[in-house]
Amino acid sequence: RDYKVTGVQTCALPIFLQDQVVVRNWISAVGGKSFHIGFAFVSAEADRQAVYAKGKTVQVWYDYEEGVTVPIPAGPRVVLTGLQSEEPGG
């Protein structure tokens, strides 16, 4: 068993070579068969509040042998739920 990934994103500003950028990631939702990972590319400079891009990916737990989605197993569900949070600084 494994998981499939889909994603959506919004690009707000171009990133230039001289820009200092930090990528933030967080678990934004945990469902029965899927979980969402949010991400944001933001300025690393304390005096700048630029958000270059943000989005999320959706991971769906999947049984490739059977060709069907399956519930997230208990162990990973506990870990994912423990990591779930709001967007940092959002």
Where is the tightest heavy-atom contact between [X] and [Y], given as atom of each residue plus distance?
X	Y	result
G31	I72	O-CD1, 3.6 Å
T57	Q59	OG1-OE1, 2.8 Å
S28	G38	OG-N, 4.0 Å

Side-chain contact, heavy-atom cut-off 4.5 Å: [X] with [Y]?
X	Y	answer
W26	I37	no
V23	N25	yes
V30	R77	yes
P76	W61	yes
V21	Y52	yes

Co-membership, hydrophobic cluster, residues V22 and V51, 4.5 Å side-chain: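 In one cluster: yes.
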State the CG-CZ distance between L80 and F35, to the nearest 0.5 angstrom.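 If we round to the nearest 0.5 Å, L80:CG and F35:CZ are 5.0 Å apart.
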When rounded to the nearest 0.5 angstrom, what is the spacing between CD in E45 and CD in Q20?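 Rounded to the nearest 0.5 Å, the CD-CD separation comes out at 6.5 Å.
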Would K33 and V70 satisfy side-chain contact (heavy atoms from CB on, under 4.5 Å), going step by step from the backbone distance to the final call? CA-CA 6 Å; K33 296 181 178 184; V70 295; 5.9 Å; no
Is the backbone of G67 close enough, under 3.5 Å, to the side chain of Y62 for a donor and an acceptor to pair up by distance?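 Between the backbone of G67 and the side chain of Y62 there is a qualifying donor-acceptor contact (under 3.5 Å).
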Between E87 and K54, does any NZ, NE, NH1 or NH2 come within less than 4.0 Å of an OD or OE carboxylate oxygen?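 Yes.
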Could you walk me through whether F41 and I15 satisfy the side-chain contact (heavy atoms from CB on, under 4.5 Å) test, starting with their C-alpha distance in whole Å, then the side-chain angles of each, then the deciding distance to 0.1 Å, before giving a yes or no? CA-CA 9 Å; F41 288 70; I15 299 173; 4.3 Å; yes
Evaluate the criterion side-chain contact (heavy atoms from CB on, under 4.5 Å) for residue pair R48 and D19; output intermediate values, then yes/no. CA-CA 11 Å; R48 190 156 187 233; D19 292 329; 3.9 Å; yes
